[in-house]
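Can you read through this structure? Questions will come right after.
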Amino acid sequence: MARFTNRSFSVVLHILQLMLIYNLSISGAVLTYDGCMSDSANSYKVGGWCFLFYTDPSWPPNTPTQNDAQYTCLPHGTLAVGVTLKMLNTFITRTPPATNPHAWTALERLNRSTPTNKDGWYWRALMPSGGFATFPTIKANFPWGYADPDNSNGNDTAAVLVNNYGYGDAPKAYPKSIYGNKQMAVICQFAPIQWKYSPIGHGRFTNSAYQIAQTTVIKEACIIQCHRSVFCISLAFNPTSNDCQIYAVSPDDPQFTGIVTADNSYDWYIRDEMKY
């Protein structure tokens with residue numbers, strides 16, 4: 001018999017409710033890793049992940065909200081986080097221009113007491129287990145549209161992708177009174193069951209803004225930690241102390257190559273087939 005925590009049960013119940021509200025069917029078998037991999041027109045593959053731009057013409061205008069979008073990709077995936085600048089830029093020109101739906105990602109402004117509108121943004125993805133995975137955005141890795149974010153409505157705490165523009169901040173409910181009737185979409189993120197992490201030399205990052213977690217574990221457990229994270233691209237492992245550091249950026253990414261700390265005591269491992 002399946003056992004659920006209160007939180008995981010509420011996630012399952014919410015998915016069933018959304019299926020009724022938005023006519024989501026398990027023909028949403030497209031909303032799986034294999035379904036994403038088979039849809040080359042609307043997907044992008046990097047580091048083993050498959051990202052899918054998904055919309056349904058039967059959805060009522062301006063739905064789902066971002067809160068409901070968090071459930072749309074479950075139980076086989078999550079609302080997408082921006083793993084590289086290239087991944088985010090790819091979808092700017094890949095949205096269907098005929099209907100031009102605006103697409104939700106897992107970006108939220110969780111801290112509004114910040115110096116500028118570009119501060120305080122976090123990736124916050126609802127996981128199939130029922131909890132949220134949260135990590136602050138790295139500004140260099142996010143392509144805002146030229147006029148965004150501006151918090152023009154005073155409660156713009158989410159971000160949507162707009163075709164041939166970039167990402168703009170908006171209210172989570174995407175009200176018709178502001179945007180008119182708009183077809184919405186989601187970008188889902190799916191992970192493979194297994195993937196390769198190749199050794200590429202030695203070093204580590206010392207900037208804490210790039211570090212997802214630091215633990216003391218054996219190498220295999222360190223790699224598993226990275227694989228289970230929706231953010232993790234690389235890791236540094238010290239085989240003497242078993243210090244494991246997993247990162248949201250890669251030493252192979254030209255944006256971050258110059259800030260790697262040389263350290264022969266740490267072995268680098270990177271997800272295979274990354275693109276920057």
Side-chain angles (χ1 to χ4, degrees), residues 5 7-8 33 45-51 77-88 106-108 110-111 119-142 189-276:
T5 62
R7 176 64 178 164
S8 63
Y33 184 79
K45 295 88 176 174
V46 61
W49 287 301
C50 187
F51 294 87
T78 65
L79 200 58
V81 306
V83 294
T84 65
L85 181 61
K86 182 172 184 177
M87 169 256 160
L88 290 167
L107 190 66
E108 297 184 35
L110 300 180
N111 179 7
D119 298 304
W121 291 90
Y122 288 74
W123 296 110
R124 183 173 180 263
L126 179 62
M127 305 301 290
S129 62
F132 282 90
T134 305
F135 191 74
T137 57
I138 297 167
K139 288 184 184 180
N141 256 9
F142 198 81
Q189 179 175 351
F190 302 96
I193 295 175
Q194 296 180 320
W195 198 247
K196 284 187 64 178
Y197 296 78
S198 297
I200 59 144
H202 304 282
R204 58 192 175 95
F205 287 116
T206 54
N207 187 333
S208 61
Y210 306 148
Q211 187 180 101
I212 302 165
Q214 181 176 12
T215 55
T216 303
V217 293
I218 62 173
K219 181 181 73 175
E220 290 76 11
C222 186
I223 292 173
I224 289 172
Q225 280 185 25
C226 184
H227 185 67
R228 289 178 174 172
S229 169
V230 292
F231 311 112
C232 185
I233 293 174
S234 69
L235 64 95
F237 179 74
N238 185 317
T240 302
S241 65
N242 284 345
D243 184 39
C244 165
Q245 301 181 24
I246 65 174
Y247 306 114
V249 298
S250 167
D252 274 358
D253 187 334
Q255 290 190 97
F256 306 104
T257 299
I259 51 179
V260 169
T261 297
D263 189 336
N264 287 333
S265 65
Y266 283 83
D267 300 328
W268 277 118
Y269 292 85
I270 297 179
R271 280 181 178 266
D272 278 13
E273 299 182 19
M274 288 301 304
K275 307 167 192 173
Y276 308 106

- Task: Would you list the pairs meeting salt bridge (charged side-chain N to carboxylate O under 4.0 Å, His left out) in which at least one residue belongs to residues 120-139, sequence neighbours left out?
- Result: E108-R124, D119-K139
- Message: Parallel, tilted or perpendicular, judged at 30° and 60°: which one describes the rings of F135 and F231?
- Response: tilted
- List the atom of I246, the atom of C226, and the distance in Å for their closest heavy-atom pair. CG2-CB, 4.1 Å
- Query: Roughly how far, to the nearest 0.5 Å, is the CG atom of L126 from the OG1 atom of T134?
  - Reply: 10.0 Å
- Query: Which atom names give the shortest non-hydrogen contact between N141 and Q255, and what distance separates them?
  - Reply: OD1-NE2, 2.8 Å
- Query: If you round to the nearest 0.5 Å, how far is CG of L79 from CZ of F132?
  - Reply: 10.0 Å
- Applying salt bridge (charged side-chain N to carboxylate O under 4.0 Å, His left out), which residue pairs with at least one partner in residues 202-211 are found, sequence neighbours left out? R204-D263
- Query: Taking W268 for the side chain and H202 for the main chain, is one N or O donor matched with an acceptor at less than 3.5 Å?
  - Reply: yes
- Query: Going by heavy atoms in the side chains, are P199 and D267 under 4.5 Å from each other?
  - Reply: no
- State, with a plain yes or no, whether a side-chain heavy atom of Q225 is found less than 4.5 Å away from one of L235. no
- Kindly compute the distance separating CD1 (I138) from OG1 (T84), expressed to the nearest 0.5 Å. 11.0 Å
- Main-chain N/O of E273 paired to K196 side chain as donor or acceptor, under 3.5 Å: no
- Spacing of CG belonging to N207 relative to CD1 belonging to I259, to within rounding of 0.5 Å: 6.0 Å
- Query: Any sub-3.5 Å donor-acceptor pair from R271's side-chain atoms to V46's backbone N or O?
  - Reply: no
- Would you find a donor on one side and an acceptor on the other, under 3.5 Å apart, between the side chain of H227 and the backbone of C232? no
- Qualifying salt bridge (charged side-chain N to carboxylate O under 4.0 Å, His left out) pairs, either residue in residues 232-248, two or more places apart: none
- Straight-line distance of Q214 CD to S208 OG, nearest 0.5 Å: 10.5 Å
- Item | Closest non-hydrogen atom pair, F142 against L107 | CZ-CD2, 3.3 Å
- Item | Closest contact, heavy atoms only, V249 versus S234 | O-OG, 2.7 Å
- Item | Non-hydrogen atoms of C222 and Q245 that approach each other most closely | SG-N, 4.4 Å
- Crowding at NZ, K219 (>12 non-hydrogen neighbours, <6.0 Å): no
- Do the non-hydrogen side-chain atoms of I270 and P251 ever get within less than 4.5 Å of each other? yes
- Message: Evaluate N242 against T216 for side-chain hydrogen bond (donor to acceptor under 3.5 Å, both in side chains), listing each step before the verdict.
- Response: CA-CA 5 Å; N242 284 345; T216 303; over 6 Å; no
- Item | Straight-line distance of Y33 OH to K45 NZ, nearest 0.5 Å | 9.0 Å
- Using modelled atom types only, decide if a donor and an acceptor are shared between the side chain of N238 and the backbone of S241 within a distance under 3.5 Å. yes
- Closest approach of F51 and V81, non-hydrogen atoms and distance? CE2-O, 3.6 Å
- Test side-chain contact (heavy atoms from CB on, under 4.5 Å) on V230 and M127 and set out the steps. CA-CA 9 Å; V230 292; M127 305 301 290; 3.8 Å; yes
- Would F205 and F256 count as a side-chain contact (heavy atoms from CB on, under 4.5 Å) if you check the C-alpha gap in whole Å, the side-chain angles of each, and the deciding distance to 0.1 Å? CA-CA 9 Å; F205 287 116; F256 306 104; 4.2 Å; yes
- Derivation and outcome, side-chain contact (heavy atoms from CB on, under 4.5 Å), residues I233 and Y276: CA-CA 11 Å; I233 293 174; Y276 308 106; 4.2 Å; yes
